[in-house]
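The structure that follows is given in the form of structure tokens.
For the numbers below, each heavy atom of this structure counts, side chains included, while hydrogens, waters and symmetry mates do not. Both ligands and their constituent atoms are indexed starting at 1 by order of listing. Along the sequence shown, residues are numbered consecutively beginning with 1.
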Amino acid sequence: MLKRLDTWLFSDVDGALFVLRRLLSENARAYAGRYALAFAMMAIVAACTAASAWIMKDMINQVFLERDGRMVWVIAGFVLAIFTVKGAAAYGQLVILGQIGNAIVASTQSRLFRAITRQDLGFFEGSGIGDLGTRLSHNATAARAALDLVVTALGRDLLTVIALVGVMIAQDPLMSLIALVIMPPAILLIAGLVRRVRRVAKTQFVSMTRILSVAQQAISGIRVVKAFAVEERLRQEMDVAVADVEKQANKMTRLSARTSPVMETLGGIAIALVILYGGYAVIELGSDPGGFFAFITALLLAYDPARRLARLNVNLSGHIVGVRLMYEILDRVPASNEEEGTHALTISDGHVRFENVDFRYGDAPALNGLEFEARPGEVTALVGPSGAGKSTVFALLERFYDPLSGRITIDGQDLREASVAGLRSQIALVSQDTFLFDLTVRENIAIGRPGASEAEIREAARQANADGFIEELEAGYDTRVGEGGSRLSGGQRQRVAIARAILRDAPLLLLDEATSALDSESEAKIQAALSRLMKGRTTLVIAHRLATVREAAQIIVMDKGRVLEAGPHAALLAKGGLYKRLCDLQFADFDAEDAANPAAADTD
Ligand code: ADP
């Protein structure tokens, strides 16, 4: 029964009513008290509207027919009272609904952001940032708009129509029947439009996302955009996206405007029929004209809210798309493993083993039976051509993903059984794309270990060779670093990141060396800081510097997701395999013959 009503009323091929019911039930509970108050106000508004129609009867009969001068005053006073009360109630209703709406937008946005940050990495790679940005603002507003529409429709409009129909029936039941014959065709006509509106709304949203994604790319990559002069191409792409949205918006406008001529004509038919019958009744049958007037007034007043009710589904459709997308995020269960594994991992030595590990991103293979170990307290360097799978090794160690087969252990404990939070708290990551938050230097370092004391933070900065430049900043440790650390140089950012890692004091260190060269002074300071950081920890380093690989206890040479060669620098060089070729290529000014003379070959 409900399903049929659903289909008929909402042409509900894809469960819009279900989405709406969920939205209503979730929010009705949260704001029950305030909604009740708003409904009470709406009931008052409806009653006042009905009363203003009802009074017409006495006005015509007493004032115009009976010529009762005293009644003029009574009726005028009554009308004034009705409209004052109605105004006050309408004000209350608007304010209450507005506040509920704002609360809904606010709570939806935090819920969405929480849901987004809970997601696994695959989710972010799949959806452009533009997309998520739209969702955060657009979907929360859609939820509010959908609820507002339903609540005012059910509250104000439906109550008003019911009260006015009540007035009509009380005045003349037969005439009411005549007026209401237009209802079924009106509903049928409107229902036909809804499906199309919903489809257009969905395409419109997709195009909107494209606009934001182009804008996002242009803004975040503005240096590259300008340097390579691709502005024109982005502009064209934007023009296409904008034109597309305009087209969809026009289609939407046409579709939703289409209800107007239909409703106007049907309304006209109803009123004409009523005038024919009412005129006949008054002239030929001697009915009282006051009753007829009250009836016509009620009918005219009912017309607007009735039209809004009929259009409710059309207007709602656009918002329902947004609400549906909102639930898509809220309901998405992170594909990752973060909830699994409760074993609190304890790293004592820090012995890392990859045992026959396979991993794919979707269909793209990344690791194929990878097998190696990183021994406790030693530096293990990962080298290999780009795409060999080095970053994937790090991602699996942090459990951003789990292996498809094989296993990874630390001190004999399978990572799959370890709790993610516990595991990550024992890993320090220093990556080449150092990310700093727009906080003070102190807060950026303290991220390494929340709750660290001031002395510990300063000691970490000192060991990272960062205290010198920090003291020279305008506000020292209290200097804000700007978005992404934009107010610090590349070398300074890296030293803050190293300080962060030193403060963390984790037994396992993952180090992704910078590929870009820094000035030699920064370089030397960073190297010294890194050496201090690596001491006594199991370190895995994605190496780009000859100095690093030469000092590593072990070098793992990777290609196509597997290990080709492993061993210390000299042994691998002697083998003359891929490592030797990589050395010749990558460390350009390195003279392979001269391996015994490190002084000449310390840069890359
Ligand atoms: P490396 O760090 O050695 O350059 P990666 O571990 O980044 O190599 O990549 C290994 C393989 O996995 C490459 O073929 C790369 O294209 C692919 N890959 C890496 N990250 C992703 C990702 N997020 N989605 C799809 N494929 C990826």
Side-chain angles (χ1 to χ4, degrees), residues 116-132 213 216-217 220-221 332 334-338 352-374 379-408 415 420 424 427-435 494 497 508-516 539-546 548-549 552 554-566 572 577-583 585-587 604:
I116 289 171
T117 44
R118 207 173 39 231
Q119 296 303 325
D120 52 288
L121 286 187
F123 170 80
F124 293 94
E125 280 150 10
S127 63
I129 299 288
D131 190 7
L132 286 179
S213 147
Q216 180 70 30
Q217 283 182 51
S220 55
R332 188 177 188 277
S336 93
N337 35 40
E338 308 221 351
V352 178
R353 291 174 70 103
F354 273 63
E355 298 172 17
N356 200 12
V357 172
D358 282 329
F359 185 73
R360 275 194 299 273
Y361 294 97
D363 292 332
L367 299 183
N368 292 310
L370 185 74
E371 184 117 15
F372 75 89
E373 60 180 312
V379 176
T380 300
L382 302 175
V383 300
S386 154
K390 304 179 294 288
S391 313
T392 307
V393 167
F394 278 18
L396 294 190
L397 272 171
E398 297 245 33
R399 275 198 81 196
F400 291 141
Y401 312 96
D402 278 337
L404 290 180
S405 63
R407 59 179 213 146
I408 304 171
L415 287 198
V420 167
R424 290 184 192 157
I427 296 179
L429 173 75
V430 179
S431 74
Q432 56 171 308
D433 48 344
T434 309
F435 186 86
Q494 275 187 351
L508 186 59
L509 172 66
L510 304 181
L511 175 62
D512 188 358
E513 274 188 344
T515 37
S516 53
T539 303
L540 271 99
V541 47
I542 296 178
H544 299 291
R545 287 195 183 80
L546 185 61
T548 313
V549 289
Q554 184 193 204
I555 299 161
I556 308 287
V557 185
M558 292 178 64
D559 190 26
K560 300 197 174 73
R562 54 175 68 240
V563 177
L564 286 190
E565 309 169 305
L572 287 179
L578 178 64
Y579 182 70
K580 164 89 166 54
R581 286 205 301 282
L582 280 174
C583 278
L585 272 175
Q586 207 169 342
F587 311 125
D604 67 24

Please identify each residue that fulfils salt bridge (Lys or Arg N to Asp or Glu O under 4.0 Å) with R353, with sequence neighbours left out. E355, E373

Under a 4.0 Å heavy-atom cut-off, which residues neighbour ligand 1?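 Close residues (ligand 1, cut-off 4.0 Å): E125, Y361, A366, P385, S386, G387, A388, G389, K390, S391, T392.
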
Could you check whether R360 pairs with D363 (Lys NZ or Arg NE/NH1/NH2 to Asp/Glu carboxylate O, under 4.0 Å)?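 Salt bridge absent between R360 and D363.
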
If the condition is side-chain hydrogen bond (donor to acceptor under 3.5 Å, both in side chains), which residues does D559 pass it with, not counting sequence neighbours? none

R332 side chain to Q119 backbone, donor-acceptor under 3.5 Å: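 Here the side-chain-to-backbone pair does not exist.
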
Do side-chain atoms of R424 reach the backbone of R399 as a donor and acceptor pair under 3.5 angstrom? yes

N/O donor-acceptor pairs under 3.5 Å from side chains in residues 384-393, not counting sequence neighbours:
{"unit_1": "K390", "atom_1": "NZ", "unit_2": "G384", "atom_2": "O", "d": "2.8"}
{"unit_1": "K390", "atom_1": "NZ", "unit_2": "P385", "atom_2": "O", "d": "3.1"}
{"unit_1": "T392", "atom_1": "OG1", "unit_2": "Y361", "atom_2": "OH", "d": "3.0"}

